[in-house]
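Some notes on the structure that comes next.
Order of the sequence lines sets the chain letters (A, B, ...), proteins ahead of strands, with each chain counted from 1.
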2 protein chains.
Amino acid sequence: MFSIGEVSKRTNIKVPTIRYYEQMGLIASPERSEGNQRRYDRDGLRRLEFIRHARELGFSLDDIRDLLRMSETTDAPCHEDVHRIAGEHLGAVRARIARLKRLEAELERISLCDAGSVSDCAVLETLSDHSHCASEH
Amino acid sequence: MFSIGEVSKRTNIKVPTIRYYEQMGLIASPERSEGNQRRYDRDGLRRLEFIRHARELGFSLDDIRDLLRMSETTDAPCHEDVHRIAGEHLGAVRARIARLKRLEAELERISLCDAGSVSDCAVLETLSDHSHCASEH
DNA sequence: CTTGAAGCTCTAGCCACTAGAGGAATTAAG
DNA sequence: CTTAATTCCTCTAGTGGCTAGAGCTTCAAG
């Protein structure tokens, strides 16, 4: 049995966040000690690890609720849903990467321009004038 | 003189967002018509374009407040600050790209695995078991 | 002059936490 | 066994960056 602090250390999820997940119905209310403190078992720990991992992958708490529900039942259609959710998410992640790469290029241009030659540095002009952009966005 | 709706169309910033920026002190309160409606001039428009562009580059409203302040004064140290802010931001963007690429790889693995062979599909196991990850995160 | 779109202010909601107050329980040291 | 430090509890409120809606007023086209 683990205290919430233990679980926090093991999962790298902050204590208030664990309580928040409980409140949001992502995890069941765990048993309590005589003094009303939360006590988690291995299963609770696993569930939180699942959640943290899915969060790192960028899934919303709503998605995770679905994924967790699916992970409890083992029917075929549910698993298709898992693939659908992951697939949708993959698209979004790819779009974000593409977008960030454009931003990277522009920021590079901004932050590498010579900071010494003050007056003709185009940083702020770049920020205000869209036509300076290397790519549209 | 442009109405807030005009400005919204020209800058692609939604009307309530423009009012929000005013409330947050990012733009000055514009003149008003006789009937108390906001009227913007070219300068107001430019300022909002600056903001939108900086937002697209991922700067926070706080950063943008600084950048705007700098864009009004033209001293050397300020411009160095611009470079610093942009540089810091570049680092963060690069980190995000790297992280997203790892996620992309993992999501690819999840969403491409055969949805037909149900029972031994490792999607949910992947989500729960960190050791399956191709790279640590 | 009418009507419908667009404007106004104000409050509240969104997500996923995070912070703080004020108090109770647990644990390690002496 | 007692003390002191730490962790835990609940509860409320705040964060960023908007977004939505209610209920009203103003503007512009026909």
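- Each of A:G35 and B:G35 was matched to the nucleotide of DNA chain C holding its nearest heavy atom; the match closer to the 5' end belongs to B:G35.
- Distance A:D62 CG to C:dC14 P: 11 Å, rounded to the nearest Å.
- Within the structure, a side-chain polar atom (N or O) of A:T17 is placed less than 4.0 Å from OP1 or OP2 of C:dT18.
- With B:R47 contributing its side chain and B:R42 its backbone, the two residues share no donor-acceptor pair below 3.5 Å.
- Counting to the nearest Å, the P atom of D:dC11 and the CD atom of A:E22 are 12 Å from each other.
- Protein atom CD of B:Q23 is 15 Å distant from nucleotide atom C1' of D:dT15, rounded to whole Å.
- Contact annotation: A:R52 does not reach the phosphate of C:dA16 (side-chain N/O to OP1 or OP2, under 4.0 Å).
- With rounding to whole Å, B:Y20 atom OH is found 15 Å from D:dA20 atom P.
- Backbone-only contact: A:R55 has heavy atoms under 4.0 Å from sugar-phosphate atoms and none from a base.
- Surrounding CD of B:E88 are more than 12 heavy atoms belonging to other residues, nucleotides or ligands, all under 6.0 Å away.
- Rounded to an integer number of Å, the gap from B:K9 NZ to C:dG7 C1' is 13 Å.
- Of the possible polar contacts, none joining the A:R19 side chain to the A:Q23 backbone as a donor-acceptor pair under 3.5 Å is found.
- A residue-by-residue look at B:Q37 and A:I4 shows that A:I4 has its nearest nucleotide of DNA chain D further toward the 5' end.
- When the nucleotides C:dT9, C:dG7, D:dT10 are ranked by their closest atom to the side chain of A:R32, D:dT10 comes out on top.
- Note on B:R19: a base of the nucleic acid sits closer than 4.0 angstrom, heavy atoms only.
- The interatomic distance linking B:E6 (CD) with D:dC27 (C1') rounds to 13 Å, in whole Å.
- A donor-acceptor distance shorter than 3.5 angstrom exists from the side chain of A:R65 to the backbone of A:M24, with no hydrogens or angles considered.
- Straight-line distance from the CG atom of A:L48 to the P atom of C:dC17: 12 Å, rounded to whole Å.
- Using a distance-only test at 3.5 Å, with no hydrogens or angles considered, no donor-acceptor pair links the side chain of B:T11 to the main chain of B:L48.
- The phosphate of D:dT7 (OP1 or OP2) has no side-chain N or O of A:S3 nearer than 4.0 angstrom.
- The phosphate of D:dC18 (OP1 or OP2) has a side-chain N or O of B:Y21 nearer than 4.0 angstrom.
- Close to D:dC27, at under 4.0 Å from its OP1 or OP2, lies a side-chain N or O of B:S33.
- The phosphate of C:dG7 has neither OP1 nor OP2 within less than 4.0 Å of any side-chain N or O from B:R38.
- The interatomic distance linking B:E34 (CD) with D:dC27 (C1') rounds to 12 Å, in whole Å.
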